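First up is the structure itself, then whatever we jot down about it.
Being a predicted model, the structure only gives us computed values, none of them experimental. Below, chain A is the first sequence line, B the second, and so on; all start at residue 1.
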Protein chains: 2
Amino acid sequence: MTLPSGFMDEFTRATKLVRALADAGLRKHGLHLGQNLVLAALAREDGRTPGELAATLNVTTPTITKMATRMAAAGLLTRRRDDRDNRLVRLWLTDAARELCQPVEEQRRALSESLLAGLDDEDRARLIDLLRRVSENAGRLHDGPVDHE
Amino acid sequence: MTLPSGFMDEFTRATKLVRALADAGLRKHGLHLGQNLVLAALAREDGRTPGELAATLNVTTPTITKMATRMAAAGLLTRRRDDRDNRLVRLWLTDAARELCQPVEEQRRALSESLLAGLDDEDRARLIDLLRRVSENAGRLHDGPVDHE
DNA sequence: GGCTAATCATTGCCCGGCTAACGTTCTTTT
DNA sequence: AAAAGAACGTTAGCCGGGCAATGATTAGCC
């Protein structure tokens, strides 16, 4: 009974702090938090559609389109409609964006390392495993409860 | 080398899922995500100022004032200026809000339990401890790097 | 006492997330 | 072939987060 709902408290606290740090780190490269994800996804496979990106990033399509608009304005990507299916829009990274990938990834790795400072390999593996199990539980709750009321 | 930056990935994934579930849960009580925190803080001590709330919730003051505006519109709290110091604004929960406290807290506890399903007490304690250590690392990084460049 | 400083809250604008409504463009069906 | 349907992306509007600038009020220092 020493932890009534201590998990939620500690979790939200951690997310806020980590989020702030990630944002600060990205900002140094002229990126905003979240654009990181689009960058990485497109780096792995260029020319994806907003819908595809949204699915792989676990966000909604409107989130992607708005981010794409800002990133296009920032010269990070270009929009082009698909030739065969004119409903589709394909997003392509610019050279400028592609040059950001590596430093951003490095910065991300460094942040991860800093956050895990003091944890040995066993602790890290355990933390990741526990987070994964929480996510799995969350995923189950997502689909399951279509709701009684 | 099996986890290049697996922590960040798994962490952001977990935060998104947990956030979504918490939001859905709150929504059933007519609350929005985040108002929960204001509610709990005011329940513990009513009549606090936006600045105080912001400090305890680790959020900026504008975030609180905007949330206060919405919550006031929703009939959850009332604004009143301090008599002695007219700069200060004090926020007071309405009876309606106070009646939400317990069910919301219960719902929060239930969510926590669901998320931790399958984890024994030892795992839970470990997870919370690991999160705390991550937060501590993050906190240190927050103050420390006043930045070299 | 009066002028300057510091302290609050608020407002405005940005980013990221959501849902809902809309307009286009294929696909299917008939 | 034409009409109904499905699949996409975009827009609009909300909430929660941030920062910067404004305005009001108090505290401090002449």
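- For the 3.5 Å distance criterion, the side chains of A/Thr12 and B/Arg19 fail to qualify, holding no donor opposite an acceptor.
- Using a 4.0 Å cut-off between charged side-chain N and carboxylate O, A/Asp46 and A/Arg90 make no salt bridge.
- The interatomic distance linking A/Leu53 (CG) with D/dC8 (P) rounds to 14 Å, in whole Å.
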Is there any protein nitrogen or oxygen under 3.5 Å from a nitrogen or oxygen in nucleotides 25-28 of chain D, and what are the pairs?
from	atom 1	to	atom 2	distance (Å)
D/dT26	OP1	B/Asn86	N	3.0

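- The residues A/Glu113 and A/Arg124 are annotated as salt-bridged, a charged nitrogen and a carboxylate oxygen being separated by less than 4.0 angstrom.
- A side-chain donor from one of B/Thr69 and B/Arg79 sits under 3.5 Å from a side-chain acceptor of the other.
- Pair assignment for C/dA5: none, as no Watson-Crick or G-U wobble contacts are both less than 3.5 Å.
- The separation between B/Leu77 atom CG and C/dA9 atom P is 14 Å, rounded to whole Å.
- Remark: D/dT26 base-pairs with no nucleotide in the shown strands. Criterion, Watson-Crick or G-U wobble with two distances under 3.5 Å.
- Distance CD1 (A/Ile64) to P (D/dC8): 15 Å, rounded to an integer number of Å.
- Against the 90° criterion about 0, the sugar-base torsion of C/dA5 places it in the syn range.
- Across the protein-nucleic acid pair, B/Leu91 atom CG and C/dC8 atom P stand 15 Å apart, rounded to whole Å.
- Classification of B/Lys28 and B/Asp23 as a salt-bridged pair fails, no side-chain N sitting under 4.0 Å from a carboxylate O.
- In summary, B/Arg126 and B/Asp121 do not engage in a salt bridge, as defined by a charged side-chain N under 4.0 Å from a carboxylate O.
- Looking at B/Asp82, its side chain never comes within 3.5 Å of a backbone N or O of B/Val89 through a donor-acceptor pair.
- If you check every strand for non-hydrogen atoms under 4.0 Å, A/Arg79 touches sugar and phosphate atoms only.
- In this structure, B/Leu31 places its CG atom 13 Å from C1' of D/dC15, rounding to the nearest Å.
- A salt bridge links B/Arg133 with B/Asp129: the closest approach of a Lys/Arg side-chain nitrogen to an acidic carboxylate oxygen falls below 4.0 angstrom.
- Remark: side-chain polar atoms of B/Arg81 are paired, donor with acceptor, to backbone N or O of B/Arg87 under 3.5 angstrom.
- Taking atom CG of A/Leu88 as the reference point, atom P of C/dC26 lies 9 Å away to the nearest angstrom.
- Across all strands, B/Thr49 comes closer than 4.0 Å only to sugar-phosphate atoms, never to a base (heavy-atom distances).
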In 5'-to-3' order, the base (B), backbone-only (S) or no-contact (-) status of each nucleotide in nucleotides 15-22 of chain C, using a 4.0 angstrom heavy-atom cut-off, is SBBBBB--
